[in-house]
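These notes concern the structure reproduced below.
Note that the numbering runs from 1 along the sequence shown for the chain.
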Amino acid sequence: MAVLIPLHKIATTIALTLILLGTIIGSKRKLSNIPCRYLYLLAIVFIMYIILIPGYFVSEFKVYAIDDMRIKLPLLLLPLCFCIKQELPQKSIEKIFTTYIASCTIISAFVLAIFTYNLAANSTLAMNQELLWFTIHHPTYLSVYIVFGAYWLLNNKFNSIFRKRWYLLLSIIFLFSISIILLSSRLGIILLFLVFVGIVLNYFKGVKKMILLLGISFVLFLIVWKVDFINERFDKMIKSFTMPATAVKTYEIDDRAMIWKNSIALIKEKPWTGYGTGDYKEVHLRLKHDLSGFGKGYRLHYNAHNQFLENWLATGISGFIILLLFYVFNFFIAIKKENKTLVFFMLMALVFSLIESILQSQSGNMFLGFFTVLLYNKYFFSK
């Protein structure tokens, strides 16, 4: 078994590489015809991927290093596949987003159905872990996908396929909103609040704008402070930044306080080179959790829960800077081209990266890579 596991990871990497080469060879498009925005992004992502390779030689466990490179390969594959093909027409993009919204709606309906069933059976409010046993291991990932689907619907409500069926649009938005609340995801609730605020600022003026903003703020206040299991999570988050994150009081605060404290302590010891790609979580960070008395982090093999800290731990200062450039460049492109959808997506991904190690999972790489290059399409540019 010890031999089969690395061979499986190597085989997966080879398969993705062959897909990549096949796309390049099969393309008839000349390099000179590719928009510069795609090439610049590809250069940043390529460097981001290449700096993982030296980490392989630093790693004590090569399997973890190979796995990390395999997981991040889509981040390189997707921009390249997009940039060497013709830009997608409007109808194709609408089909992509329609499919995405439909899948988010189905998930939202499942969450609401399971919650309703639990409520009827137990007469108690079910927690997010009980709601998610059939979907995904962490509500944050799920909530980010749903929020982006809700944003697309809201931002395009006047020219979307639902413009003649406003009641269907409102029903889907209702499903999205309720599912975020039931997941008790703090990030999801905050992002959903920003979506509503952004839409109000874009489409309303004067007294209507003020009334709607006050209404949204009041609803958010009620959700955060009056729904018990959500209030508890926000309360722990606040305590994480107001009380010392000592091992004695870890049960009173959010786990991330201890995770970030231990991650930063490790970074201070080796800020330039890091600890090697892949295995730092299993060896160095896990040991740090154990020594600090954070038993839960040791048992569950917690990573840094912050992509910037994650990059710094694995590849040193270079990995941190490259990831920072990725966000700076995309914000620059979005603002320069007046691409509001890309602005919101990158803001959402940035906030997501601050509280989760988004690039440590296949789903995170696919989500970030796919939608970043999709939103580079000229269809989304105002000018």
Side-chain angles (χ1 to χ4, degrees), residues 93-94 96-109 111-112 128 139-163 166-205 208-224 227 230 233-234 237 327 330-331 334-335 338-356 358 367-368 370-372 374-375 380 382:
I93 295 178
E94 287 180 349
I96 291 172
F97 273 96
T98 301
T99 304
Y100 178 80
I101 291 169
S103 63
C104 288
T105 305
I106 292 171
I107 292 174
S108 300
V111 170
L112 184 59
N128 57 297
T140 306
Y141 286 88
L142 185 59
S143 66
V144 170
Y145 303 156
I146 294 175
V147 167
F148 188 57
Y151 167 80
W152 176 254
L153 274 178
L154 285 164
N155 196 45
N156 295 273
K157 64 179 181 178
F158 295 122
N159 59 359
S160 72
I161 60 173
F162 301 104
R163 63 182 178 274
W166 59 268
Y167 55 88
L168 182 58
L169 173 64
L170 292 179
S171 299
I172 293 176
I173 294 172
F174 173 76
L175 281 176
F176 284 171
S177 305
I178 294 298
S179 65
I180 290 297
I181 295 170
L182 296 182
L183 292 171
S184 69
S185 170
R186 292 161 298 185
L187 175 63
I189 294 170
I190 293 170
L191 289 176
L192 195 63
F193 170 71
L194 291 177
V195 166
F196 284 116
V197 170
I199 296 302
V200 169
L201 292 175
N202 273 335
Y203 291 108
F204 297 94
K205 296 181 180 179
K208 285 185 178 180
K209 179 184 292 187
M210 293 302 300
I211 293 174
L212 287 171
L213 287 177
L214 288 173
I216 292 170
S217 302
F218 180 69
V219 170
L220 179 70
F221 175 81
L222 289 179
I223 291 172
V224 173
V227 180
I230 294 178
R233 298 203 72 195
F234 272 93
M237 181 179 68
Y327 281 107
N330 281 293
F331 274 118
I335 294 172
E338 297 184 15
N339 188 336
K340 294 179 182 179
T341 306
L342 183 59
V343 169
F344 175 77
F345 178 78
M346 294 313 303
L347 176 63
M348 183 180 70
L350 176 61
V351 176
F352 193 16
S353 294
L354 292 175
I355 56 97
E356 288 290 346
I358 182 174
F367 180 70
L368 184 62
F370 180 78
F371 279 107
T372 298
L374 178 65
L375 297 178
F380 292 96
S382 297

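Smallest separation of non-hydrogen atoms from Ser179 and Ile146: OG-CD1, 3.7 Å. The heavy-atom pair separating Leu368 from Thr372 by the smallest distance is O-OG1, 2.5 Å. A pairwise comparison of heavy atoms in Leu347 and Phe331 identifies N-CZ, 3.5 Å as the closest pair.
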Hey, mind stepping through Trp152 and Tyr100 against side-chain contact (heavy atoms from CB on, under 4.5 Å) and telling me if it holds?
CA-CA 10 Å; Trp152 176 254; Tyr100 178 80; over 6 Å; no
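Looking at residues two or more places apart in sequence or on another chain, you find no side-chain hydrogen bond (donor to acceptor under 3.5 Å, both in side chains) involving Thr341. Taking Asn330 as the reference, Tyr376 meet the side-chain hydrogen bond (donor to acceptor under 3.5 Å, both in side chains) condition, with sequence neighbours excluded. Here Lys340 pairs with Tyr151, Asn202 under the side-chain contact (heavy atoms from CB on, under 4.5 Å) rule; sequence neighbours left out. Every residue two or more places apart in sequence or in another chain that forms a side-chain contact (heavy atoms from CB on, under 4.5 Å) with Ile93 is listed here: Leu88, Phe97, Leu374, Asn377, Tyr379, Phe380. For Leu222, the side-chain contact (heavy atoms from CB on, under 4.5 Å) test picks out Phe218, Lys226, with sequence neighbours left out.
Tyr145 places no side-chain N or O within donor-acceptor distance of the main-chain N or O of Ser103, the cut-off being under 3.5 Å.
Looking at heavy atoms from C-beta onward, Thr105 lies in side-chain contact with Ile101 at the 4.5 angstrom threshold.
Residue Ile172 holds its CD1 atom at 11.5 Å from OG of Ser177, rounded to the nearest 0.5 Å. Note that CD1 of Ile107 and CZ of Phe176 are 9.0 Å apart. Values are rounded to the nearest 0.5 Å. To the nearest 0.5 Å, atoms CZ (Phe345) and CG (Leu350) are separated by 11.5 Å.
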Donor-acceptor pairs under 3.5 Å, side chain of residues 187-196 to any protein atom, not counting sequence neighbours: which ones?
none

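Within a 6.0 Å radius of NZ in Lys208, other residues, nucleotides and ligands contribute 12 heavy atoms or fewer.
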